[in-house]
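Only heavy atoms go into these numbers, but all of them, side chains included; no hydrogens, no water, no symmetry mates.
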Amino acid sequence: MESLTNMTVAITGSGQGIGLAMAHRLARQGANIVVSDIDEQKAAEAAAQVRSATGASAIHVRADVTVAADTTSLVEAAVEEFGSLEMMVCNAGIVQVKPFLDVTADDWNRTMNVNVTGTLLTMQAAARQMLSQEPMAAGRPKGKIVAMASIAGRYAAGPMAPIIPHYRASKAAVISLTHSASASLAPHITVNAICPGLVETDMWKLIDEQWSAVEGWETGTAWKTRTSAVPLGRPQTSDDVAGLAAFLASPASDYMTGQSINIDGGLTVG
């Protein structure tokens with residue numbers, strides 16, 4: 001694994017799931033970690049786990065990504081503790097399963113507010129700090145921003161398309177926002193999006209429960225049915241996604257910007 005020593009990485013929504021896996025992976029490679037979550041207890045416990053498991057420096061910050069002041073405070077806390085911010089992962093997000101005709105304005109607005117507005121505000125706060133810094137090294141960018149999108153925001157929702165319309169729209173917007181941010185912040189900051197597939201997390205447990213309830217299936221049926229279509233023959237883990245985040249943190253990805261990268265076990269071509 002390539003060393004990320006002297007790199008500070010902040011990850012929103014990292015009290016659990018994919019965000020926490022990223023925190024562990026990047027910490028093992030030497031990065032300083034800022035764990036952020038709307039649930040302060042989860043954030044504190046996650047940061048303690050990272051410190052204990054990796055020996056890396058890790059702090060926690062409570063932040064609601066839909067509040068601009070919170071995203072600014074998150075960045076300020078990272079800089080106060082570690083002196084700079086080299087990478088921001090905009091991972092915080094929510095999902096809800098509801099048939100198209102049942103989605104309310106409140107459902108739509110809440111999903112868009114967290115998944116899209118939250119990503120925008122976090123990107124802006126991170127970018128303002130990064131632009132004030134020197135490049136990470138000669139010929140390298142001043143910082144890196146990674147957004148968490150989904151294959152659901154592209155063309156691969158398949159049988160789920162009718163039951164997550166607001167989530168799909170929000171992740172399509174994140175992909176578009178990634179394109180705009182990359183163009184706006186080049187050449188100083190790279191901006192890319194990760195598009196996972198079916199990741200075995202608490203979020204997918206919720207999807208399975210809600211989808212199975214909509215269809216009248218036994219709990220677990222939706223997950224088993226959907227993952228059976230993955231060409232690589234197994235569900236995706238949070239560590240799979242964390243590996244891609246580690247690549248995007250490394251100098252190997254310095255010439256990559258404006259990309260939305262599928263990591264789904266081949267589901268989008270299955």
key: Heavy-atom check, side chain of P141 versus side chain of D254, under 4.5 Å   = yes
key: Steps toward ring pair (Phe, Tyr, Trp, His ring centres under 6.0 Å) verdict (W211, W217)   = CA-CA 8 Å; W211 190 7; W217 299 333; 5.6 Å; yes
ask   = Are S253 and K144 close enough that a side-chain donor and a side-chain acceptor fall under 3.5 Å?
value = yes
inquiry  = Under the criterion side chain to side chain contact (heavy atoms under 4.5 Å, CB included), I'd like the reasoning laid out for R62 against D37: C-alpha separation, chi angles, the key distance, then a yes or no.
reply    = CA-CA 5 Å; R62 185 207 173 270; D37 203 279; over 6 Å; no
request  = Could you tell me the separation between the OG atom of S250 and the CE atom of M7, rounded to the nearest 0.5 Å?
outcome  = 8.5 Å
ask   = Is the number of heavy atoms from other residues, nucleotides or ligands within 6.0 Å of CD (Q41) greater than 12?
value = no
inquiry  = Nearest 0.5 Å, please: how far is CZ in R234 from CD in E200?
reply    = 10.0 Å
query = Is there side-chain contact between Q96 and I164, with at least one heavy-atom pair below 4.5 Å?
reply = no
key: Reported OG-to-CD1 distance for the pair S150 and I263, which is rounded to 0.5 angstrom   = 12.5 Å
task = Determine the minimum heavy-atom distance between T8 and A78, stating which atoms define it.
result = CG2-CB, 4.4 Å
request  = Run the numbers on T190 and S182 for side chain to side chain contact (heavy atoms under 4.5 Å, CB included), then give the verdict.
outcome  = CA-CA 6 Å; T190 64; S182 68; over 6 Å; no
key: Side-chain (N192) to main-chain (M256) donor-acceptor, under 3.5 angstrom   = yes
ask   = Which distance, rounded to the nearest 0.5 Å, do you find between the CZ of R128 and the CE of M123?
value = 13.0 Å
message = Testing the basics here: between S260 and C195, what is the closest heavy-atom pair and its distance to 0.1 Å?
response = CB-SG, 3.8 Å
request  = Report the C-alpha separation of I175 and K171 in whole Å, then their side-chain angles, then the decisive distance to 0.1 Å, and conclude whether the side chain to side chain contact (heavy atoms under 4.5 Å, CB included) test is met.
outcome  = CA-CA 6 Å; I175 292 170; K171 292 305 184 179; 5.7 Å; no
inquiry  = Would R25 and D240 count as a salt bridge (Lys or Arg N to Asp or Glu O under 4.0 Å) here? Give the steps.
reply    = CA-CA 10 Å; R25 175 63 180 263; D240 294 324; over 6 Å; no
query = In terms of heavy-atom contacts, does CG of N113 have more than 12 from other residues, nucleotides or ligands at under 6.0 Å?
reply = yes
query = Between S212 (side chain) and E209 (backbone), is there a donor-acceptor pair under 3.5 Å?
reply = no
task = Return the minimal non-hydrogen interatomic distance between S170 and M112, and the atom names on each side.
result = N-CE, 3.5 Å
remark   = One should read off an interatomic distance between L232 CG and T227 OG1, to the nearest 0.5 angstrom, of 12.5 Å
remark   = Looking only at heavy atoms, the pair that brings G17 and T201 closest together is CA-CG2, 4.4 Å
task = Go through D107 and K98 one step at a time and tell me if the salt bridge (Lys or Arg N to Asp or Glu O under 4.0 Å) criterion holds.
result = CA-CA 9 Å; D107 296 331; K98 263 195 177 183; 2.7 Å; yes
key: Closest approach of A63 to S36 (non-hydrogen atoms, all atoms of both residues)   = CB-OG, 3.4 Å
ask   = For T122 and V89, what are the C-alpha separation, side-chain angles and deciding distance, and is it a side chain to side chain contact (heavy atoms under 4.5 Å, CB included)?
value = CA-CA 9 Å; T122 306; V89 182; over 6 Å; no
request  = Check whether any side-chain heavy atom of V61 sits under 4.5 Å from a side-chain heavy atom of E76, and report yes or no.
outcome  = no
request  = Would you please test E45 and Q49 for side-chain hydrogen bond (donor to acceptor under 3.5 Å, both in side chains) and show each step?
outcome  = CA-CA 6 Å; E45 291 172 353; Q49 288 175 22; 5.5 Å; no
ask   = With side chains defined as the heavy atoms from C-beta onward, is the minimum distance between L74 and V34 less than 4.5 Å?
value = yes
request  = Salt-bridge test for D264 and R154: reply yes if a basic N is under 4.0 Å from a carboxylate O, no otherwise.
outcome  = no
message = To the nearest 0.5 Å, what is the distance between CD1 on I151 and CG on L198?
response = 5.5 Å
ask   = When you look at D239 and T237, which way does the side-chain hydrogen bond (donor to acceptor under 3.5 Å, both in side chains) test go after all the steps?
value = CA-CA 5 Å; D239 286 338; T237 69; 5.0 Å; no
key: ILVMFWY cluster, I145 and V9 together (side-chain gap under 4.5 Å)   = no
request  = Answer whether the closest heavy-atom distance between the side chains of P196 and Q236 falls below 4.5 Å.
outcome  = yes
task = Check whether L4 and I33 end up in the same hydrophobic cluster, where Ile, Leu, Val, Met, Phe, Trp and Tyr are linked by side-chain heavy atoms less than 4.5 Å apart.
result = yes
query = What residue among T178, I11, L248 forms side chain to side chain contact (heavy atoms under 4.5 Å, CB included) with V146?
reply = L248
task = May I ask you to test the M160-Y167 pair for a side-chain heavy-atom distance under 4.5 Å?
result = no
message = Quick check: do I194 and I261 have side-chain heavy atoms less than 4.5 Å from each other?
response = no
message = With a 4.5 Å cut-off on side-chain heavy atoms, are M148 and V241 touching?
response = yes
ask   = Rest of the hydrophobic cluster containing F100 (Ile/Leu/Val/Met/Phe/Trp/Tyr, side-chain heavy atoms under 4.5 Å)?
value = L101
K142 side chain to L131 backbone, donor-acceptor under 3.5 Å = yes
Side-chain (D39) to main-chain (K42) donor-acceptor, under 3.5 angstrom = yes
key: T221 (side chain) donor-acceptor with E218 (main chain) under 3.5 angstrom   = yes
request  = For V95 and I207, work out which heavy atoms get closest and say how close.
outcome  = CG1-CG1, 3.8 Å
message = If we ignore hydrogens and angles and just use 3.5 Å, is the side chain of R51 paired with the main-chain N or O of A58 as donor and acceptor?
response = yes
ask   = Are W204 and V214 joined in one hydrophobic group, where the rule is that I, L, V, M, F, W and Y side chains link up if heavy atoms are under 4.5 Å apart?
value = yes
ask   = Does R168 use its side chain to pair, donor to acceptor, with the backbone of A152 at less than 3.5 Å?
value = yes
inquiry  = Main chain of E2, side chain of Q29: is a donor-acceptor contact present, judged purely on distance under 3.5 Å?
reply    = yes
task = Identify which one of T12, L121, T119 satisfies the side chain to side chain contact (heavy atoms under 4.5 Å, CB included) criterion when paired with T71.
result = L121
ask   = Does G143 offer a backbone N or O that forms a donor-acceptor pair with the side chain of E86 under 3.5 Å?
value = no
ask   = Above 12 or not: heavy atoms from other molecules or residues under 6.0 Å from CZ of R110?
value = no
query = Given the rule that I, L, V, M, F, W and Y join up when any side-chain heavy atoms are under 4.5 Å apart, are V191 and L120 in one cluster?
reply = yes
message = One thing to verify: whether R226 and D208 come together as a salt bridge, which I'm taking to mean a side-chain N less than 4.0 angstrom from a carboxylate O.
response = no
ask   = Same cluster or not: are M136 and L85 linked, directly or through other Ile, Leu, Val, Met, Phe, Trp or Tyr residues, by side-chain heavy atoms under 4.5 angstrom apart?
value = no
inquiry  = Under 3.5 Å, is there a donor on one side chain and an acceptor on the other for S73 and D70?
reply    = no
